[in-house]
A.B. asks: 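Below is the structure I would like to discuss, written out as structure tokens.
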Amino acid sequence: MSLNSYDEWSPLREVIVGSALNYTSHERELSFELFFHDNLTRSEWYYPRVSSGKRGRQSPIRQRYVDELNEDVEGIVRTLESLSVTVHRPLDVDPGTAEMTTPAWSAPMVPPLNVRDNTLILGDEIIETPPMIRSRYFETQLLTPIFAEYFRQGARWTVMPRPLMTDASFDLSYANSSHTAGGPMEPVADPQPSPYDVGHEMLFDGAQCLRLGRDILVNISTENHAMAVDWLERHLEGRFRLHRVFRLSDSHIDSMVLALRPGLLLVRSDEVADRLPEQLRKWDRVVAPMPAENNFPDYQDDDLVLTSPFIDLNVLSVDENTVLVNDACPELMRTLDRRGFTVVPVRHRHRRLFGGGFHCFTLDTVREGGPEDYFA
């Protein structure tokens, strides 16, 4: 089928599901620390603290966790196929050739697991976004066979400007601020100079966007994001309208707010909803219940926990009435069931170690909806 995806809830016909094969470690360097900064510097079980002194080395992932993650990803695939959704898969990372080198830096390549992040599907257009983590710089190339087939069927295919990604490319103001939504954080210090420094660059993920027909809600927390949104607005002029929200989160929006169907939002809290544009504040809302601590596995002190417990808000809608929810989050399943949804429970154990839920792991390429006006 031809590429067509304008929203988060229309009947889902085709989707890309990511892969975790050959995932071995997290590379703790500046771009990684900044991306997960909200989580890596918190305390208590909500945001387990991990010392920034570990920067500059790889943080290994236990093979058992990777094996179980791969089992769970295959379970997502089987569930979607059972719901008559066509599933596409990316190429796998070859562990023997997975080191990347650019003029400015080098990094090991991670598998294309959270495929929502580095690509934005808007209607009939594929937009590859400028990555925010160095180890994911070439991730979209592992989706090339899928994108090329949609292109042959008539899709537009755009790549946003690729950043040099030196330390000077990153706007550190959010990470070094004491006035973020989550409270004070540990500053990020000691960025290193490079002969390739050009100042702040576009750095932006597709998961910073909530697609609502012709309207796109976009979260901006840094100058990097703002530059990218300016580019998108010029590129999309006349086809889509962008609505900016500021510092709703450090980057991604899909564990803060998701649209379950026209007129109904799933939100982390009423405070999040109150920061949305006026048109969306008029929508009905489902406030996600606080997850229980025993919803999550117990990890060792050296296991790197990357997300807040609200990661299970990261659900995937198959249509306006059917939603995939982590079976380890019974509070959310009951809440959505009471609102009349058909809840499809799917296993996903180690979401806090790999930084993604069902929405992150998937990129919907064909839905039945069109460029409707939901902001009228």
Side-chain angles (χ1 to χ4, degrees), residues 1 3-8 12-23 26 32 35-36 66 69-70 72-81 85-94 98 100 109-123 125-151 155 157-160 162 203-211 251-255 258 306-307 311 314-318 324 326 346 348 350-351 353-367:
M1 298 174 68
L3 190 81
N4 183 84
S5 187
Y6 285 90
D7 58 54
E8 311 288 337
L12 181 62
R13 297 295 175 239
E14 296 188 17
V15 69
I16 302 171
V17 175
S19 170
L21 288 176
N22 299 317
Y23 216 134
H26 298 299
F32 180 89
F35 186 82
F36 292 106
V66 177
L69 174 64
N70 282 313
D72 293 350
V73 170
E74 295 309 312
I76 297 169
V77 171
R78 290 192 299 271
T79 298
L80 287 166
E81 290 176 339
V85 177
T86 298
V87 176
H88 304 283
R89 305 301 301 277
L91 299 173
D92 294 325
V93 169
D94 183 342
M100 302 177 296
M109 190 173 188
V110 299
L113 176 61
N114 292 292
V115 290
R116 179 81 53 175
D117 295 356
N118 289 329
T119 303
L120 183 59
I121 305 294
L122 295 177
E125 183 171 13
I126 300 162
I127 301 177
E128 298 182 38
T129 60
M132 290 196 283
I133 300 180
R134 289 169 178 147
S135 58
R136 303 182 66 183
Y137 196 85
F138 294 113
E139 183 175 304
T140 51
Q141 293 196 0
L142 300 173
L143 280 69
T144 295
I146 304 169
F147 291 169
E149 182 57 33
Y150 282 120
F151 177 76
W157 187 1
T158 303
V159 179
M160 292 180 67
R162 310 301 288 181
L203 303 165
F204 184 79
D205 276 0
Q208 290 175 239
C209 299
L210 180 65
R211 301 170 307 137
S251 57
H252 293 180
I253 206 169
D254 51 1
S255 286
L258 280 171
L306 300 179
T307 75
I311 187 62
N314 196 267
V315 301
L316 178 68
S317 292
V318 176
L324 270 60
N326 194 339
V346 184
H348 181 15
H350 300 299
R351 61 276 200 202
L353 295 184
F354 294 92
F358 300 146
H359 196 255
C360 297
F361 284 6
T362 57
L363 182 67
D364 36 308
T365 54
V366 181
R367 288 187 182 268

A.B. asks: Out of curiosity, Ile126 CD1 to Ser5 OG, how far, rounded to the nearest 0.5 Å?
C.D. replies: 11.0 Å
A.B. asks: Taking all non-hydrogen atoms of both residues, which atom of Leu203 and which atom of Pro131 are closest, and how far apart?
C.D. replies: CD2-O, 3.2 Å
A.B. asks: For the residue pair Val93 and Pro111, what are the closest heavy atoms and their distance?
C.D. replies: CG2-CA, 3.5 Å
A.B. asks: Donor-acceptor check, side chain of Arg116 to backbone of Thr362, threshold 3.5 angstrom: yes or no?
C.D. replies: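 Checking the backbone N and O of Thr362 against the side chain of Arg116, a donor-acceptor pair under 3.5 Å is found.
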A.B. asks: Let me see the working for Arg89 and Val73 under side-chain contact (heavy atoms from CB on, under 4.5 Å), right down to the final yes or no.
C.D. replies: CA-CA 11 Å; Arg89 305 301 301 277; Val73 170; 3.6 Å; yes
A.B. asks: Say you draw a straight line from CZ of Phe358 to CG of Asp254; how long is it, rounded to the nearest 0.5 Å?
C.D. replies: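 One finds 13.0 Å between CZ of Phe358 and CG of Asp254.
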A.B. asks: Determine whether Thr144 and Glu128 make a side-chain contact, defined as any pair of heavy atoms from C-beta on separated by less than 4.5 Å.
C.D. replies: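 No, side chains not in contact.
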A.B. asks: Quick check: do Thr129 and Gln208 have side-chain heavy atoms less than 4.5 Å from each other?
C.D. replies: no
A.B. asks: Just how far is it from atom NE2 of His359 to atom CG of Leu258, taken to the nearest 0.5 Å?
C.D. replies: 5.0 Å
A.B. asks: Should the ring pair Tyr150 and His88 be called parallel, tilted or perpendicular, given that the plane angle runs from 0 to 90° and is split at 30 and 60?
C.D. replies: perpendicular
A.B. asks: Using a strict cut-off of less than 4.0 Å between a Lys/Arg side-chain nitrogen and an Asp/Glu carboxylate oxygen, indicate whether Asp364 and Arg13 qualify as a salt bridge.
C.D. replies: no
A.B. asks: With side-chain contact (heavy atoms from CB on, under 4.5 Å) as the test, would you mind laying out the steps for His252 and Asn314 before giving the verdict?
C.D. replies: CA-CA 11 Å; His252 293 180; Asn314 196 267; over 6 Å; no
A.B. asks: To the closest 0.5 Å, what do you measure between CG (Asn70) and CG (Leu113)?
C.D. replies: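 Going from CG on Asn70 over to CG on Leu113, the span is 8.5 Å.
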A.B. asks: Going by an N to O cut-off under 4.0 Å, is there a salt bridge joining Asp117 and Arg136?
C.D. replies: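 Yes, Asp117 and Arg136 are salt-bridged.
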A.B. asks: What are the two closest non-hydrogen atoms of Asn114 and Gly356, and how far apart are they?
C.D. replies: OD1-CA, 3.3 Å
A.B. asks: Any side-chain heavy atom of Ile311 within less than 4.5 Å of one from Leu306?
C.D. replies: no
A.B. asks: If you define the side chain from C-beta out and look only at heavy atoms, does anything of Val66 sit under 4.5 Å from Phe354?
C.D. replies: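 The answer is yes; the side chains approach within 4.5 Å.
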A.B. asks: For Val115 and Leu363, which heavy atoms make the closest approach, and how far apart are they?
C.D. replies: CG2-N, 3.8 Å
A.B. asks: Starting at CG of Leu3, measure out to CG of Leu122 and round the result to the nearest 0.5 Å.
C.D. replies: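 These two atoms lie 9.5 Å from each other.
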A.B. asks: Heavy-atom distance under 4.5 Å between the side chains of Thr119 and Ile16, does that happen here?
C.D. replies: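 Of all side-chain heavy-atom pairs linking Ile16 with Thr119, none is under 4.5 Å.
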A.B. asks: To the nearest 0.5 Å, how far apart are NE2 in His350 and CG in Asp72?
C.D. replies: 7.0 Å
A.B. asks: Please give me the minimum heavy-atom distance between Cys360 and Gly355, naming the atom from each residue.
C.D. replies: SG-O, 4.3 Å
A.B. asks: State whether the side chain of Asp205 and the backbone N or O of Asn118 hold a donor-acceptor pair below 3.5 Å, judged by distance alone.
C.D. replies: no
A.B. asks: Tell me whether Arg162 forms a cation-pi arrangement with Tyr137, defined as NZ or CZ under 6.0 Å from the six-membered ring centre and within 45 degrees of its axis.
C.D. replies: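 Yes, Arg162 sits over the ring of Tyr137.
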A.B. asks: Short question: side chain of His348, backbone of Gly75 - any donor-acceptor pair under 3.5 Å?
C.D. replies: no
A.B. asks: Of the non-hydrogen atoms in Met132 and Phe204, which two are nearest, and what is the gap between them?
C.D. replies: CG-N, 3.5 Å
A.B. asks: Is there side-chain contact between Cys209 and Leu120, with heavy atoms separated by less than 4.5 Å?
C.D. replies: yes
A.B. asks: Can you check whether Thr86 reaches Met1 side chain to side chain, under 4.5 Å on heavy atoms?
C.D. replies: no
A.B. asks: Are any of the side-chain heavy atoms of Leu12 and Leu80 separated by less than 4.5 Å?
C.D. replies: yes
